[in-house]
Protein chains: 2
Amino acid sequence: MDMTSALTAFSALSQQTRLEAFRLLVTAGDTGMSAGDIAGALDVRQNTLSANLSVLLQAGLVRNQREGRVIRYFADTDGMRGMLGFLLEDCCGGQPELCQPLIEDLTCREGECA
Amino acid sequence: MDMTSALTAFSALSQQTRLEAFRLLVTAGDTGMSAGDIAGALDVRQNTLSANLSVLLQAGLVRNQREGRVIRYFADTDGMRGMLGFLLEDCCGGQPELCQPLIEDLTCREGECA
DNA sequence: ACGTCATATCCATAAATCATGAATTATGGA
DNA sequence: TCCATAATTCATGATTTATGGATATGACGT
């Protein structure tokens with residue numbers, strides 16, 4: 001992940017509809033959601049959502065897949081990882097004590113996870 | 001962290017000078033950097049950088065502290081944590097298998113850290 | 001008090017971004 | 001082939017954002 005890609009990713013998440021859509025897809029996990037369902041859930045017009053999804057696509061934060069008439073979208077884990085890695089890159093290498101508690105907090109609490 | 005704060009944070013990081021400044025501060029850790037040093041390192045005009053730092057401040061991603069004539073800036077770990085937590089919120093709760101590898105990859109490898 | 005250095009703020013202009021409506025492509029069923 | 005549905009693309013006007021010059025604040029040394 002380079003500076004330009006990271007900027008594109010952060011920029012993509014800096015708009016309400018896109019951030020909401022992305023979080024929806026993160027929650028949906030491997031199941032994903034169709035463009036129409038996302039539009040319905042967020043109460044946004046179809047073309048507006050479509051434009052926003054394509055921004056997320058270009059940013060590498062979501063993937064999509066045609067299923068008949070429906071186009072299903074998924075959060076792209078690799079894209080997220082790249083973005084977050086870029087942000088924290090030298091934090092971990094240079095200043096472990098800054099990075100460690102941050103990671104710990106993100107990790108699931110109380111064994112809820114895995 | 002609510003939607004509005006998260007949007008402000010992502011928006012703050014979606015501009016090159018600000019993203020560079022923030023990463024610089026992440027690397028600097030507890031030492032922080034003066035506004036002037038940041039401007040020098042990034043080769044940006046003083047007033048432009050000042051405006052950008054104030055955006056990062058408002059977004060809760062950096063803190064600052066006056067030291068005589070100099071104003072020293074620091075990455076705000078709590079702010080970062082809030083932003084990332086918001087982004088991954090229901091990923092962890094709802095779909096552990098999506099979240100876990102992401103966290104693992106961010107965690108320092110090979111015991112380099114801590 | 002004065003000069004100077006380090007930052008911040010104000011203001012105007014240039015540039016980027018966003019939601020919308022209209023038109024378009026692609027798919028599946030009758 | 002014709003129609004309806006799902007989604008995208010395009011052009012536009014409105015809003016937002018970035019930048020640079022000038023100016024203001026605040027702190028230090030003399």
Side-chain angles (χ1 to χ4, degrees), chain A residues 3-25 28 31-76, chain B residues 3-25 28 31-76:
Chain A
M3 172 66 62
T4 306
S5 311
L7 283 174
T8 308
F10 285 116
S11 170
L13 293 176
S14 69
Q15 200 273 344
Q16 179 159 3
T17 303
R18 289 196 295 264
L19 182 52
E20 286 179 343
F22 182 73
R23 296 208 327 145
L24 217 48
L25 290 175
T31 310
M33 281 180 79
S34 72
D37 287 349
I38 300 174
L42 301 183
D43 194 28
V44 190
R45 288 167 196 259
Q46 203 175 39
N47 54 357
T48 298
L49 181 75
S50 176
N52 283 319
L53 285 176
S54 98
V55 172
L56 288 170
L57 267 178
Q58 273 198 298
L61 291 169
V62 305
R63 289 174 294 107
N64 67 2
Q65 167 184 322
R66 177 146 226 147
E67 288 176 5
R69 288 194 262 208
V70 175
I71 297 190
R72 185 170 293 273
Y73 282 81
F74 307 87
D76 187 323
Chain B
M3 173 66 62
T4 306
S5 311
L7 283 173
T8 308
F10 285 116
S11 170
L13 293 175
S14 69
Q15 200 271 348
Q16 179 159 1
T17 303
R18 290 196 296 265
L19 182 52
E20 285 179 343
F22 182 73
R23 296 207 329 145
L24 218 46
L25 290 175
T31 310
M33 281 179 81
S34 73
D37 286 350
I38 300 173
L42 301 182
D43 194 28
V44 188
R45 288 172 194 256
Q46 177 266 322
N47 55 355
T48 298
L49 181 75
S50 175
N52 281 320
L53 284 176
S54 97
V55 172
L56 287 170
L57 267 179
Q58 275 196 296
L61 291 169
V62 306
R63 288 174 295 110
N64 66 2
Q65 167 184 323
R66 178 146 225 149
E67 287 176 6
R69 289 193 262 208
V70 175
I71 298 190
R72 186 170 292 272
Y73 282 82
F74 307 87
D76 186 323

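In this text the structure is predicted, and so the values were computed from the model without any measurement. For the numbers below, each heavy atom of this structure counts, side chains included, while hydrogens, waters and symmetry mates do not. Letters A, B, ... mirror the listed sequences (proteins, then strands); counts begin at 1.
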- Item | For A:Leu7 against B:Ser14, the heavy-atom pair lying closest together | CD2-C, 3.7 Å
- Would you indicate which nucleotide in D:dA7, C:dG28, D:dG26 comes nearest to any side-chain atom of A:Arg69? C:dG28
- Message: Could you tell me how far apart B:Leu7 (CG) and C:dT17 (P) are, to the nearest whole angstrom?
- Response: 16 Å
- Could you tell me the separation between the CG atom of A:Asn47 and the P atom of D:dC10, rounded to a whole number of Å? 13 Å
- Query: Among D:dA27, C:dA8, D:dA7, which is the nearest nucleotide to the side chain of A:Val70?
  - Reply: D:dA7
- Which part of the nucleic acid does B:Ser34 contact within heavy-atom distance under 4.0 Å: base, sugar-phosphate only, or nothing? sugar-phosphate
- Heavy-atom pair with the smallest gap, counting every atom of A:Met33 and A:Ala28: CG-CB, 4.1 Å
- Message: Please tell me if A:Asn52 has a side-chain N or O lying less than 4.0 Å from either OP1 or OP2 of C:dA19.
- Response: yes
- Query: Do the non-hydrogen side-chain atoms of B:Arg63 and B:Phe74 ever get within less than 4.5 Å of each other?
  - Reply: yes
- Is there a side-chain polar atom (N or O) of B:Thr48 under 4.0 Å from OP1 or OP2 of D:dT19? no
- Task: Identify the nucleotide, in any strand shown, that forms a Watson-Crick or G-U wobble pair with D:dT5, with both distances under 3.5 Å; if there is none, say none.
- Result: C:dA26
- Message: If the cut-off is 4.0 Å, is B:Tyr73 near the phosphate of C:dA6, judged by side-chain N/O to OP1 or OP2?
- Response: no
- Message: A side-chain contact here means heavy atoms from C-beta on lying under 4.5 Å apart; do B:Asn52 and B:Gln15 qualify?
- Response: yes
- Task: Establish, with yes or no, whether the OP1 or OP2 oxygen of C:dG21 is under 4.0 angstrom from a side-chain nitrogen or oxygen of A:Arg45.
- Result: yes
- Should A:Gln15 be listed as having a side-chain N or O under 4.0 Å from OP1 or OP2 of C:dA19? yes
- Picking from D:dA7, C:dC18, C:dA8, the nucleotide nearest the side-chain atoms of B:Ile71 would be C:dA8
- Task: Would you mind reading off the distance between B:Asn64 atom CG and C:dT7 atom C1', rounded to a whole angstrom?
- Result: 10 Å
- Item | Whole angstrom value for the distance that separates C1' of D:dA7 from CG of A:Leu56 | 16 Å
- So which nucleotide from D:dT19, D:dA7, C:dT4 ends up closest to the side chain of B:Thr17? D:dT19
- Note on the structure: Checking C:dC18, D:dA7, D:dT19 against the side chain of A:Arg18 (C-beta onward), the nearest is C:dC18
- For B:Gln46 and C:dC5, what is the distance between atoms CD and C1' respectively, to the nearest whole Å? 11 Å
- Find the distance B:Gln58:CD to D:dA18:P and express it as a whole number of Å. 12 Å
- Task: Round to a whole Å and report the spacing from CD of B:Gln65 to P of C:dA8.
- Result: 13 Å
- Query: Taking the nucleotide of DNA chain C with the closest heavy atom to each, which residue, A:Arg66 or A:Ser14, is nearer the 5' end?
  - Reply: A:Ser14
- Item | Qualifying residue, where the test is side-chain contact (heavy atoms from CB on, under 4.5 Å) with B:Leu56 and the options are B:Leu61, B:Asn64, B:Asp76 | B:Leu61
- Can you tell me if the side-chain N/O atoms of A:Ser50 get under 4.0 Å from OP1 or OP2 in D:dA6? no
- Spacing of B:Leu49 atom CG relative to D:dA18 atom P, expressed in whole Å: 13 Å
- Task: May I ask you to test the B:Leu25-B:Ile38 pair for a side-chain heavy-atom distance under 4.5 Å?
- Result: yes
